[in-house]
S.K.: 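I'd like to ask some things about the structure below.
Order of listing sets the numbers, starting from 1, for every ligand and every atom in it. Sequential numbering from 1 along the given sequence is applied to the chain's residues.
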Amino acid sequence: MKAFRAAILRFADDGTAVYEQDGLLVTGPGANGQEVVHAVGPHAAVAANHPGVPVEQLPGRIIAPGFIDLHIHFPQTDVIGSPAEGLLPWLEDYTFPHESRFADEAHAAERATFFVDELLRHGVTTALAFGTSHPESVDALLGEAQRRGMRMIAGKVLQDRHCPDGVRDQTQQSLVDTEALIARWHGRGRLGYAITPRFAPSCSEAQLRGAGELAAQYPDVWIQSHVAENLDEVAWVRQLFPAARSYLAVYQQFGLMRERAVYAHCIHLDDEDRALMHDSGAAAAVCPTSNLFLGSGFFDYAAAKRAGFRYGLASDVGGGTSFSPFHTMLAAYYAGREGRTKAGLSLSPQELWWQHTAGAAAVLGLQGVVGNLQPGCEADFVVLDPAATPLLARKTAHAASLDELLFSLVVLGDDRVIERAVIAGGA
Ligand SMILES: [Zn+2]
């Protein structure tokens, strides 16, 4: 066992933050050999119960749960910051050409190493990630995550129509490949698989039906896709699936709405869609930097809260503009405030942080496993320097409450705040 003495941030079951100014985090091997949180709380009390455990002193630092990114495109690392006239031209001009190169194993492996380094540098210890349509992309990413001991979920993109040669897959082969990847990776160590129809317009009905059949056959495998990101896309889906009540209803029709199904964006939904999200147990990955960058719209937090479905935060790199959870939390605050297209509200600093940690874990059905530092959680955490920049040092030194401290970090923080990311699995 070992222990870390610092300020410690974690979350109660109701999502409120628990903060120890002088805390102690004790970790050690759990039942399956995974490093887990053994004890956490005020230093004096926890230390008294753990005599002889070596303590690493981290004065002036904050230990917090590792961040979880609920929607990110591993092959789009090099697409970030590409200029385009909205979503569909952006896909054609940048995304598909980049993704076509991931059939090459060496290319995919080099990108996987950089991608994982970049996640950890920003304090992201778990991600739900899209690969490309090539199975090699998943092998590269999950292989790299396995070497680092990270909890990572990824899937091969399904897209058998409306995309160019080089990234388009074949209906039957795509389903065979998906099932082979589930067998190879799902539940291996800390890794998981996600059935990954890119979005309804890129998938034939046969491919969507096959994806839904696999989702029924493997109920603990995740599902990830996109829905209702922008109005052109919504209109396109209406043309392609004229019998469907809505874009989201297409996924329902093919058996793709259930627990562990995570839909990116969820902007242009109506209340019937939101009720379907709630009733099916599906969840939303909210991608505010991407939505602002592409001008797609604003996630309606008030309506989501009324409907009671689960949601959490995501970068959506490369449509998103940053790997940084701080940038994503700040953009979520902007999206919440926006009050012209929907009701505006102020998301509290604690809720913003929760959406990227314990709340995101709940979206994945991994509450009590990652995204928190309660006893029993896997010991993925970040060490934060709240004085990483001159302005942050001034602001955080004068914080009069936990909300003031957290909001200073949300607004002013970036990768400079992340001093270290510690992975329960090792590296
Ligand atoms: Zn996306």
S.K.: Of all the atoms in H71, is at least one N, O or S atom closer to the Zn ion (ligand 1) than 2.8 Å?
M.R.: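 Checking H71: at least one N, O or S atom is under 2.8 Å.
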S.K.: Restricting to N, O or S atoms, which atom of D316 is closest to the Zn ion (ligand 1)?
M.R.: OD1
S.K.: Return yes when at least one N/O/S atom of E229 is nearer than 2.8 Å to the Zn ion (ligand 1), and no when none is.
M.R.: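 It does not: E229 brings no N, O or S atom closer than 2.8 Å to the Zn ion (ligand 1).
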S.K.: Using the Zn ion (ligand 1) as the apex, give the angle to atoms NE2 (H226) and NE2 (H73), rounded to 10 degrees.
M.R.: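 Centred on the Zn ion (ligand 1), the NE2/NE2 angle is 100° (to 10°).
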S.K.: Just checking, is any N or O donor in the side chain of S324 or D415 under 3.5 Å from an acceptor N or O on the other one?
M.R.: no
S.K.: Go through the side-chain N and O atoms of D160 and Q170 and say whether any donor and acceptor fall under 3.5 Å apart.
M.R.: no
S.K.: Will you find, in the side chains of Q159 and Q207, an N or O donor that is under 3.5 Å from an N or O acceptor?
M.R.: no
S.K.: Could you tell me whether the side chains of Q355 and E351 share a donor-acceptor contact shorter than 3.5 Å?
M.R.: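 Looking only at side-chain atoms, E351 and Q355 do form a donor-acceptor pair, the distance falling under 3.5 Å.
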S.K.: With no hydrogens and no angle check, just 3.5 Å: does a side-chain donor-acceptor pair link E338 and T341?
M.R.: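 On atom types as modelled, these side chains qualify, holding a pair under 3.5 Å.
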S.K.: State whether C287 contributes an N/O/S atom found under 2.8 Å from the Zn ion (ligand 1).
M.R.: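 It does not; every qualifying atom lies at 2.8 Å or beyond.
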